[in-house]
Trainee: 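For reference, the structure I am asking about is given below.
Just so we're on the same page: letters track the sequence lines, and every chain starts at 1. Remember, it's a predicted structure, so these values are computed and weren't measured experimentally.
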Amino acid sequence: MNARIKLLFLLAFSSAMLMVTEFYVILAMSVITISLIFAFRVRRSFLPWAKPLLLVFAAIVLLQYLTFPPAPFSPAGLLWGAVFSLRLFVLVSAVFLFVHTTPMSRIAGAFSFLPGGVSQVFVLSLGLLPNITQLAGNIMRSQKARGVNFRSPNIMDTYMPVMVPLFGKTLQKSEKMALAMQARGYGE
Amino acid sequence: MATGLQVQARQVFGMEIKAEKLNFSYPGKQVLKDVSFSIKHGDFVGITGSTGSGKTTLAYCFNGLIPHAVRGKFSGSLQIDGMDTSRHGIAELAKKVGLVFQDPEWQIFSLSVRDEVAFGLRNLRMDGIEKRTGDALKMVGLEGHEETLPYNLSHGQKQKLCIASVLAMEPDVVVLDEPTSQLDHRSTMNVYGILRRLNREGKTIIVIEHNTDLIAEYANRVILIDDGKIVGNGEPKKVLSDRRLLDSLGIRVPGVCR
């Protein structure tokens, strides 16, 4: 399917999800989204992604149960928390489905209606993502090899050895990339 | 692209690249010191020297990144077929000189192989983008990968993609900054095979390379740089036989010169 049509469908689906108030409609939309994830065979990459989200949703339900404004500790709070989590889950799943069933180049193409400079920045940012992810992975592995404990509660100990080189390398890469783009006539 | 007749005319009538007293300093550090040389059309030139000797800085001079895009103090002149790089813009020079950077990860940014190769062509508003893109990919053996996400290519393929991106613009001169520094032997031979073919088709190849064996085998000229100055310039087998000079620079004497 054309990526722009998919994007419009995603926006319409997400807006509907935010506007609908009926629990059974939300439930039906969740079932549809999950069925599509199975139908498009992306569930293997979806499951490791979804597991940590379930913890977040459980926390939301619990908080709603404890602090639901009209009546704390009531089943209404539980239901409200469940609806809120389900909405969030469907929205995240729909975006996941869009990203995993559309090549990056087509996603970028879907945004080509934006003015020239803006769509170029969008393509550049998308292009940088896999590179930064790979770089972060490499830095984490090399810091682990030097004994950094990423489970330590001290954020300074765990994140600084990753963030400092990652930030420096990303800036360096952006600078080199700008030179490489200029060398091929960009911006003149 | 230059026709066979144009190539022959250039070979007969004169120099293509002429550097005179090139000096360049980054803030606080002079990197090139009175560098002068000339390169004839159709030459295959290897530039070598120890790390930090100014090779990459010199590469940036060929297509005008220095002085137009890199901050620093520049003096002297570098002419490409009579065009002074300090008086012509990078885009104009990019049609004549293509530059392949050292690390492909630092120059690839598009989301498909086809877009990456077409990028320069679109910037320079060249016609026949589809055909030029296809031809360039075929030249480096990447046909069939047009829709692939460049990050999914192997390192050797990424290097080939960078070469294709430059070749698509059909420049007369191709400058490569350590194109095989991260490649295995087979990929290295593959890249040099492409360079030799391009050179035989009439392109001037300037390659910055640490591996003196490759220079001795493929280049017909070598320029030796140390601390921003040219300390050797000539036929590889002569220049690279000077064991005392090479030892003092920490450069290995190639097998064929021992």
Trainee: Of all the heavy-atom pairs spanning A:Ala183 and B:Phe101, show the shortest one and how long it is.
Mentor: CB-CE1, 4.0 Å

Trainee: Heavy-atom cut-off 4.5 Å, strictly under: side chain, backbone, both or neither for A:Glu175 against chain B?
Mentor: neither

Trainee: Can you give me the closest heavy-atom contact between B:Ala94 and A:Gly185, atom names plus distance?
Mentor: CB-N, 4.4 Å

Trainee: Should we count NZ of A:Lys6 as having more than 12 external heavy atoms under 6.0 Å?
Mentor: yes

Trainee: Top residue by heavy-atom pair count (under 4.5 Å) with chain B, among A:Ser174, A:Ala178, A:Ala180?
Mentor: A:Ala180

Trainee: Count the heavy-atom pairs under 4.5 Å between each of B:Gln107, B:Lys95, B:Glu105 and chain A, then report the option with the highest count.
Mentor: B:Glu105

Trainee: Examine whether an atom of B:Ile108 lies under 4.5 Å from a heavy atom of chain A, and if so say whether it belongs to the side chain, the backbone or both; otherwise answer neither.
Mentor: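 The backbone, not the side chain.
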
Trainee: With rounding to the nearest 0.5 Å, note down the distance linking CD in A:Gln182 to CG in B:Leu99.
Mentor: 12.0 Å

Trainee: For B:Ala69 and A:Leu179, which heavy atoms make the closest approach, and how far apart are they?
Mentor: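 B:Ala69 and A:Leu179 have their closest heavy atoms at CB-CD2, 3.8 Å.
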
Trainee: Got more than 12 heavy atoms from elsewhere within 6.0 Å of CZ, A:Phe84?
Mentor: no

Trainee: Can you tell me how far apart CD1 (B:Ile90) and CE (A:Met181) are? Round to the nearest 0.5 Å.
Mentor: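 Reported to 0.5 Å precision, the distance equals 12.5 Å.
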
Trainee: Considering only heavy atoms, which portion of B:Phe109 lies under 4.5 Å from any heavy atom of chain A: side chain, backbone, both, or neither?
Mentor: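 Looking at B:Phe109, backbone and side chain both touch chain A.
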
Trainee: Within a reach of under 6.0 Å around OH of B:Tyr26, are more than 12 heavy atoms found that belong to other residues, nucleotides or ligands?
Mentor: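 Yes.
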
Trainee: With a 4.5 angstrom heavy-atom cut-off, is it the side chain or the backbone of B:Gln102 that approaches chain A, or both, or neither?
Mentor: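 Contact with chain A is absent: no heavy atom of B:Gln102 under 4.5 Å.
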
Trainee: Could you list the residues that satisfy salt bridge (charged side-chain N to carboxylate O under 4.0 Å, His left out) with B:Lys29, not counting sequence neighbours?
Mentor: none

